[in-house]
Amino acid sequence: MPLADRIDQAIAHIRPSLSEQPDIALILGSGLGGLAERLNIETSFEYADIPHFKASGAPGHTGRLLFGTLAGRKLVCMQGRLHNYEGHTPDEIVFPLQVMYALGARTLIVTNAAGGVNLGYAVGDIMLISDHINFFGANPLTIGSEQGLGNFVDMSYTYTPALRTEAHRAAEALGLTLREGVYLGLRGPNFETPAEIRAFRTWGADAVGMSTVFEVLAAAQRGMRVLGLSLITNMAAGILDEPLSGEDVIRTSKIAARDMESLIIGLLPNL
Ligand code: HPA
């Protein structure tokens with residue numbers, strides 16, 4: 001079924017329950033779902049109940065689409081996201097983003113848990129994403145040719161400079177250190193090898209993770225403003241002499257998520 005028709009069906013399910021349209025779409029990454037508890041929820045939907053949404057099966061992710069207010073802003077929030085390593089296609093992964101856009105959201109805040117590649121980073125750091133490297137070997141915009149949305153999307157200013165300035169301001173006001181760097185996204189689900197991490201560092205990557213890039217590509221195609229934040233839950237493979245585990249990533253992100261939550265709440269009124 002064409003994308004436009006799938007979007008219409010999802011919206012027909014959601015819109016009757018909404019009193020206002022959301023301005024900001026927020027995607028919560030691994031272990032970062034706690035921010036949803038701070039939201040004044042007006043309406044929520046299980047992904048499984050929304051036409052054409054796929055359920056999120058990743059650890060640390062629940063699958064709910066929430067509508068409400070936070071820091072005075074009208075938000076639609078994905079509590080739990082879909083990953084390529086779960087077998088979801090790029091098209092399926094960005095479908096919720098397409099629906100949030102169609103419902104009125106014109107700003108995307110996207111969060112994730114990531115491994116620190118930059119040797120100057122430490123576990124618990126927050127990194128503002130300045131740019132990304134798509135190392136998935138896949139791209140959701142290939143559906144664009146079919147949908148006539150146009151494929152040659154300019155990615156020069158994708159992580160909106162004005163929003164990055166606001167993020168730095170909010171971090172300063174809160175006394176939080178905010179790193180800024182390049183996110184390299186890849187499919188996973190294995191952690192990278194130490195050799196891969198060394199290679200990625202020479203490419204200019206500061207953090208590595210298994211999400212975000214597809215949603216940002218779809219948002220860029222739609223002309224949305226984008227702000228991306230990575231929580232450094234571990235140093236990437238080979239940097240510290242210790243094994244990596246998915247459970248540790250989620251545990252650390254839950255502990256360190258509070259600063260990320262404060263930053264987003266501090267930032268929202270100025271977006
Ligand atoms: N690699 C890839 N994805 C991740 C990592 C990592 O080290 N940490 C959290 N997500």
Side-chain angles (χ1 to χ4, degrees), residues 26-35 56-63 78-88 90 93 109-138 159 177-217 227-261 263-264:
L26 174 62
I27 302 178
L28 297 175
S30 303
L32 296 165
L35 196 57
S56 166
H61 288 260
T62 27
M78 287 181 71
Q79 191 181 23
R81 65 138 65 80
L82 307 173
H83 296 88
N84 199 218
Y85 65 72
E86 298 173 82
H88 298 303
I93 290 167
I109 303 177
V110 59
T111 67
N112 59 54
V117 174
N118 185 316
L119 298 174
Y121 289 3
V123 171
D125 280 355
I126 303 173
M127 186 189 87
L128 179 62
I129 304 177
S130 59
D131 205 347
H132 77 223
I133 297 171
N134 180 2
F135 198 57
F136 280 88
Y159 294 87
T177 303
L178 183 61
R179 312 282 187 188
E180 180 162 343
V182 173
Y183 176 88
L184 184 144
L186 38 60
R187 183 165 200 256
N190 57 289
F191 286 112
E192 301 68 39
T193 65
E196 286 167 344
I197 294 301
R198 286 194 298 277
F200 297 158
R201 193 177 302 118
T202 70
W203 294 359
D206 296 292
V208 62
M210 304 175 196
S211 66
T212 302
V213 167
F214 291 166
E215 295 98 318
V216 168
L217 283 165
L227 181 89
L229 293 167
S230 292
L231 182 62
I232 305 300
T233 51
N234 58 283
M235 291 309 287
I239 296 179
L240 305 176
D241 190 12
E242 60 190 32
L244 297 176
S245 91
E247 291 75 37
D248 286 349
V249 164
I250 289 165
R251 194 173 319 116
T252 310
S253 68
K254 282 190 175 143
I255 296 166
R258 295 199 130 263
D259 284 348
M260 180 89 108
E261 292 171 17
L263 179 61
I264 291 171

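No experiment lies behind these values; they were computed from the predicted model shown. As the structure lists them, so they are numbered: ligands from 1, and atoms in each ligand from 1.
Aromatic ring pairs are classed by plane angle as parallel below 30°, tilted from 30° to 60° and perpendicular above 60°; the pair Phe135 and Trp203 is perpendicular.
Counting only heavy atoms of the protein, atom 7 (O) of ligand 1 lies nearest to Asn234 ND2, 2.9 Å. In terms of protein heavy-atom proximity, atom 4 (C) of ligand 1 is nearest to Val208 O, 3.7 Å. Gly115 N, 3.4 Å is the protein heavy atom nearest to atom 5 (C) of ligand 1.
Residue Ala113 has at least one heavy-atom neighbour below 4.0 Å for each of these atoms of ligand 1: 9 (C), 10 (N). Atoms of ligand 1 found under 4.0 Å from any heavy atom of Phe191, numbered from 1 in the order shown, are 1 (N), 5 (C), 6 (C), 7 (O). Near Thr233, with a cut-off below 4.0 Å to any heavy atom, the atoms of ligand 1 are 8 (N), 9 (C). Near Glu192, the atoms of ligand 1 lying under 4.0 angstrom from a non-hydrogen atom of the residue are 1 (N), 2 (C), 6 (C), 7 (O). Short contacts between ligand 1 and Ala114, defined as distances under 4.0 Å to a heavy atom of the residue, involve ligand atoms 5 (C), 8 (N), 9 (C), 10 (N).
Under the salt bridge (Lys or Arg N to Asp or Glu O under 4.0 Å) criterion, Arg198 pairs with no residue, sequence neighbours left out.
How far CG of Asn112 is from CE of Met260: 6.5 Å, rounded to the nearest 0.5 Å. From Thr212, atom OG1 reaches atom CG of Leu184 across 11.5 Å, with rounding to the nearest 0.5 Å.
Of the residues Asp259, Val249, Ile126, the one that meets the side-chain contact (heavy atoms from CB on, under 4.5 Å) test with Leu231 is Ile126.
Looking at Ala237 against ligand 1, nothing comes within 4.0 Å, counting heavy atoms.
Note on residues 118-131: pairs passing side chain to side chain donor-acceptor pair (under 3.5 Å), not counting sequence neighbours, are Asn118-Asp206, Asp125-Arg179.
Put simply, the side chain of His132 reaches to within 4.5 Å of the side chain of Val216, judged on heavy atoms.
Counting heavy atoms only, Gly209 comes closest to atom 3 (N) of ligand 1 of the residues Gly185, Gly209, Ala207.
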